[in-house]
Amino acid sequence: MAEEAGMFVVPQTVGTVLCCKCGIPMAPNAANMCVKCLRSEVDITEGLQKHVIIMHCPECNSYLQPPRTWIKAQLESKELLTFCVKRLKNLNKVRLVHAEFIWTEPHSKRIKVKLKVQKEVLNGAILEQSYVVEYVQQEHMCESCSRVQANPDQWVAAVQLRQHVSHRRTFFYLEQLILKHGAAASVIKIKQMEQGIDFFFSNRSHGVKFVEFIGKVAPMKSRNDKQLVSHDIKSNNYNYKYTFSVEICPICREDLICLPLKVAASLGNLGPLVICTKVTNSVALLDPLTLRISYLDADQYWRLPFKSLLTSRQLVEYIVLDVEIISSKVNVGCSEYVLADAQVARVSDFGRNDTIFNIRTHLGHLLNLGDYALGYDLYGANSNDIEIEKHKDLVIPEVILIRKSYEEKRQKKRGKPRAWKLKSLDMEVDDKNRTDQEKINSEYEQFLKDLEENPELRFNISLYRNKDYQPSEMTSVADGDDVPSIPLDELLADLDLSEAEAEDEEMRE
């Protein structure tokens with residue numbers, strides 16, 4: 001206001017005073033001392049802990065929170081930083097401003113944390129100071145790990161996962177889901193059995209949580225039993241062993257099913273000959289002649305259970321002689337289907353007879369003249385399913401195609417490593433399964449081929465880069481004429497801590 005009126009204004013400057021100890025000019029404060037002199041006079045970190053001993057379990061990588069709680073935390077994580085700060089005593093006498101880790105050698109058993117604190121000192125002046133706290137790790141196994149080390153067979157809860165089918169493709173898929181979501185983090189032992197896998201836990205709640213996870217990713221039913229191990233009469237304590245029996249629906253992807261009358265009616269007269277296209281906590285069923293799709297949840301299935309008419313082990317290879325599109329493209333989730341009339345012949349019939357089948361298929365968008373396809377041979381199949389006989393007016397097609405075949409083109413690239421790999425659970429193999437290792441390897445190879453051909457199948461799976469793969473052998477994504485492969489942007493880098501440390505040491509040198 002004074003400047004607008006043209007009045008004279010005295011310019012104001014920030015006043016300075018001399019430090020009462022060293023005499024340098026400084027901004028005035030309540031103590032009339034500069035920061036250096038104030039720190040020499042007052043140490044606000046005096047009385048605060050600078051050395052702390054913490055208990056660390058090397059087996060499960062957890063830390064003891066007295067009196068008996070064990071907390072899992074990775075090095076330089078937020079959880080570990082919070083744990084370290086909470087272990088400090090008398091920290092309430094100052095105000096914590098900032099905390100961060102100082103890098104230390106992982107094998108040194110030392111964790112260093114730099115803290116920045118504030119405190120009001122002489123005549124109301126606020127002083128800020130940093131100091132380092134060193135945490136010394138002492139190795140001490142937690143109760144659960146010590147029990148396991150003392151007796152590896154000692155378990156409290158066991159989950160017996162079973163599926164009564166002739167292959168293990170479902171368990172290969174479940175294994176990847178378990179790894180990605182960390183569902184087996186608390187397991188103490190995994191054993192591969194003849195028709196499934198057994199998981200052993202040290203706590204009943206861990207077994208219950210694992211069964212709940214399986215129920216979210218697969219249609220299953222379960223029951224549980226308990227067996228008395230010991231009983232203390234004086235303290236009235238009972239020790240039980242709990243067993244959870246989990247049975248997974250025997251319907252698998254690519255199976256051909258003849259729906260029972262009641263099930264077909266409940267699904268709006270679907271089928272009755274349908275293909276299973278996807279299995280999650282429900283079963284996706286597709287009518288290949290009309291492109292109608294329906295979903296059957298676990299409760300609906302186990303209320304009226306049924307089996308597959310034909311499974312993927314009974315697929316027959318056909319060659320496509322002619323294709324004629326008769327409908328537009330239909331999108332179902334991430335999948336696309338197109339109805340088409342096709343002429344096909346069995347590959348095994350070449351040179352023997354001239355049998356040709358005129359069929360309708362849902363793979364019109366994939367098949368071209370001269371392509372190979374896998375399907376079910378209902379013309380030559382001898383089926384004794386009683387459900388087919390109940391459908392009196394059912395016209396059974398001669399062939400139902402399931403998927404396009406790339407086996408002939410894969411023969412040219414046989415022996416070359418893939419650009420990706422999968423992780424696996426640490427499982428003990430039952431003695432009965434050791435003789436079937438060749439069969440398991442072939443089924444696992446087929447599972448890897450399914451991942452390459454079906455992007456929807458690998459949506460919930462973590463794929464890692466294969467270091468043994470040469471960049472010159474890289475191939476692009478399949479475009480319909482080439483063999484399907486997985487694009488590089490879907491692959492994750494497999495982090496190896498030992499290699500990462502070696503690279504850091506080279507950079508420092």
Side-chain angles (χ1 to χ4, degrees), residues 161-181 183-184 190 192-197 214 217-220 248-256 275-280 283-284 308 310-315 317 334-335 373-376 402-411 413-427 429-430 433-434 436-466 468-469 475 477-478 483-487 490-492 494:
L161 204 59
R162 298 290 184 271
Q163 187 184 34
H164 301 296
V165 293
S166 58
H167 57 83
R168 301 186 65 87
R169 291 168 62 188
T170 302
F171 293 105
F172 293 144
Y173 182 67
L174 281 177
E175 180 182 10
Q176 299 305 317
L177 292 180
I178 291 170
L179 285 168
K180 180 169 184 177
H181 297 280
I190 305 175
Q192 180 179 309
M193 305 302 290
E194 185 176 358
Q195 286 190 323
I197 306 175
I214 297 298
V217 297
M220 63 85 176
I248 299 176
C249 166
I251 305 298
C252 300
R253 196 175 62 87
E254 297 181 346
D255 284 1
L256 181 65
I275 301 171
C276 175
T277 58
K278 186 178 180 182
V279 179
T280 54
V283 180
S308 301
L310 295 171
T311 65
S312 57
R313 294 176 63 88
Q314 298 166 286
L315 289 171
E317 191 171 21
C334 298
S335 304
L374 295 175
Y376 293 113
I402 300 300
R403 57 185 166 90
K404 188 176 178 179
S405 175
Y406 301 92
E407 197 60 34
E408 184 183 6
K409 297 177 181 178
R410 279 197 172 99
Q411 296 291 336
K413 299 187 178 182
R414 175 164 290 183
K416 295 182 180 180
R418 289 182 169 88
W420 54 278
K421 63 179 181 178
L422 298 174
K423 291 187 176 181
S424 58
L425 293 171
D426 185 14
M427 286 190 287
V429 181
D430 189 32
N433 289 342
R434 295 185 187 277
D436 298 334
Q437 195 61 40
E438 185 176 349
K439 173 188 171 186
I440 293 175
N441 291 339
S442 63
E443 291 175 350
Y444 186 72
E445 178 64 24
Q446 183 59 47
F447 172 68
L448 298 181
K449 293 176 182 177
D450 292 343
L451 290 180
E452 291 177 336
E453 296 177 12
N454 194 340
E456 190 177 1
L457 185 62
R458 61 178 183 260
F459 179 74
N460 290 322
I461 292 180
S462 296
L463 305 173
Y464 298 90
R465 297 179 186 271
N466 188 3
D468 298 332
Y469 195 78
T475 54
V477 187
V483 179
S485 61
I486 298 178
E490 291 187 24
L491 304 182
L492 302 174
D494 188 9

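In what follows, every heavy atom counts, from backbone to side chain, and hydrogens, waters and symmetry copies are set aside. The shown structure was predicted, so the numbers you read here are calculated from the model rather than taken from an experiment.
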request  = Go through the steps to decide whether Y173 and L457 satisfy the test side-chain contact (heavy atoms from CB on, under 4.5 Å), and finish with yes or no.
outcome  = CA-CA 9 Å; Y173 182 67; L457 185 62; 3.9 Å; yes
ask   = Any side-chain heavy atom of D450 within less than 4.5 Å of one from R169?
value = yes
query = Can you find a heavy atom in the side chain of D426 that is under 4.5 Å from one in the side chain of I190?
reply = no
Basic-acidic side-chain contact under 4.0 Å: E456, R253 = no
message = Checking the side chain of Q314 only, and the main-chain atoms of T311 only, is there a donor and an acceptor separated by less than 3.5 Å?
response = yes
inquiry  = Are R162 and M193 packed together at the side-chain level, in the sense that at least one heavy-atom pair is separated by less than 4.5 angstrom?
reply    = yes
query = Is there side-chain contact between V279 and T170, with at least one heavy-atom pair below 4.5 Å?
reply = no
Pi-cation contact, Y464 with K423 (under 6.0 Å, within 45°) = yes
key: Note, H167 side chain near Q446 side chain (heavy atom, < 4.5 Å)   = no
R168 side chain reached by F447 side chain, heavy atoms, under 4.5 Å = no
query = So do L448 and L422 actually touch side chain to side chain, heavy atoms under 4.5 Å?
reply = yes
message = Give me the atom names and distance for the closest heavy-atom approach of S166 to E443.
response = O-OE2, 3.6 Å
query = Between I197 and L425, is any pair of side-chain heavy atoms under 4.5 Å apart?
reply = no
Inter-residue atom distance L161.CG - I178.CD1, 0.5 Å rounding = 7.0 Å
query = Shortest non-hydrogen contact from P250 to D255?
reply = O-OD2, 4.0 Å
message = Can you give me the closest heavy-atom contact between Q163 and F171, atom names plus distance?
response = N-CZ, 3.6 Å
message = Working note: L174 + I248, criterion side-chain contact (heavy atoms from CB on, under 4.5 Å); need CA distance, chi angles, decisive distance, verdict.
response = CA-CA 11 Å; L174 281 177; I248 299 176; 3.4 Å; yes
key: Minimum-distance pair of heavy atoms, taken over all atoms of Q176 and S462   = OE1-O, 4.4 Å
task = Quick one: pull up CG in L463 and NZ in K421 and give me the separation to the nearest 0.5 Å.
result = 12.0 Å
remark   = Tightest non-hydrogen contact, residues T280 and P219, listed as O-CD, 2.7 Å
ask   = Can you tell me how far the NZ atom of K449 sits from the OG atom of S405, to the nearest 0.5 Å?
value = 8.5 Å
message = Testing the basics here: between E254 and L315, what is the closest heavy-atom pair and its distance to 0.1 Å?
response = OE1-CD1, 4.3 Å
task = Fit a plane to each ring of Y444 and F172, take the angle between them on a 0 to 90° scale, and name the class: parallel (under 30°), tilted (30 to 60°) or perpendicular (over 60°).
result = perpendicular
query = Is it the case that N441 and E445 place a side-chain donor and acceptor less than 3.5 Å from each other?
reply = no
request  = With rounding to the nearest 0.5 Å, note down the distance linking CH2 in W420 to CD in E452.
outcome  = 5.0 Å
Approximate separation, where rounding is to 0.5 Å, of L310 CG and I275 CD1 = 11.0 Å
